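One structure is given here, and the rest of the page talks about it.
The analysis underlying the following values was restricted to heavy atoms, covering all of them including side chains, and did not include hydrogens, waters or symmetry mates. These numbers come from a predicted model, not from an experiment. Ligands are counted one by one from 1 in listed order, and the atoms in each one are counted from 1 as well.
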Amino acid sequence: MAVRIDGKALAAKVKSQVAAETAKLPRQPGLAVVLVGDDPASQVYVRGKEADCAECGIRSFPYRLPADTHQQELLALIEKLNADAAVDGILVQLPLPAPLEAEPVIEAIRPDKDVDCFHPYNVGRLNIGTPVFQPCTPAGVMEMLRESGISPAGKRCVVLGRSNIVGKPMAALLTQADGTVTLCHSRTPELTEITRQADILVSAVGKVNCVTADMVKDGAVVIDVAMNRNDAGKLCGDADFAAVEPKASYITPVPGGVGPMTRAMLMKNTTQAAAMQNGVAI
Ligand code: GUN
């Protein structure tokens, strides 16, 4: 039976470390959290991020904009936040409601305030292996592995999902940690053949029960990044948890796994951004 990696407990530990770092800074770090529209899931995420800020001694600057906000208005807000010395980090909750385009917004954020690590400059640095920030969800996964004593070095790592937010940067971090990484996606043939080779399987697909027990090697580490709702409306990940747990050596539950870690790493990045902006090393 797998060991469950407790993301909630580990996130609390990371946040207490961040709070200690924050207290040492010459001024309080600030995070602008921009939410456009009224997507209920995004509202929950954003409220969670603001609560984390309070816990870590970070000032949050909430911006709630209507769904019919124009691209130019959003870009103007980003420019204002870029220039605001009290704002160290800028987070624009994705996805943006149509027809707003995320790419120009991400590119407008000053790279040294890009605590999501989505700006092409930061993505480039990440892929070169000299990251300024680490993208929150993949960094949270790496922290969970480290805390569990699992090194990707020399291991076969399979990532399911090629999103810019999770799959691609996850593959980059695992590669940097000397894993041998295969990035799979919706067009990958013979998927089960590939996943069965994984020592570390990271799933970020967003489909209930898409990771079944036959896809998992005995003793594999299964990291479930997804946040889905099943037919009964219950939160769940990609893995058929009851069937996969007995085969895995380690597994992350949903909820209480990767989700809280993503938020904790956002706090860490914000404090790092504030330290950089104050010319202080942490
Ligand atoms: N939407 C889903 N995950 C994320 C995230 O990590 N950052 C932002 N900005 N939006 C998201």
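- Close approach of ligand 1 to Val92 is summarised as follows: ligand atoms under 4.0 Å from at least one heavy atom of the residue are 8 (C), 9 (N).
- Closest to atom 6 (O) of ligand 1 among all protein heavy atoms lies Asp116 OD1, 3.8 Å.
- Looking only at heavy atoms of the protein, atom 1 (N) of ligand 1 is closest to Leu94 O, 2.8 Å.
- For the pair Glu143 and Arg146, the salt-bridge criterion is met [side-chain N within less than 4.0 Å of a carboxylate O].
- Of the polar atoms of Gln93, at least one N or O is found under 3.5 Å from an N or O of ligand 1, judged by distance alone.
- Contact detail for Glu101 and Val105: the closest heavy-atom pair is O-CG2, 3.4 Å.
- Asp240 places no side-chain N or O within donor-acceptor distance of the main-chain N or O of Asn209, the cut-off being under 3.5 Å.
- If you look at Tyr45 next to ligand 1, there are no close heavy atoms at all, none under 4.0 Å.
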**Report entry** Verdict with reasoning, Thr180 to Arg156, per side chain to side chain donor-acceptor pair (under 3.5 Å)
**Finding:** CA-CA 5 Å; Thr180 301; Arg156 283 181 184 259; over 6 Å; no
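- Closest approach of Val36 to Ala67, counting heavy atoms only: CG1-CA, 4.3 Å.
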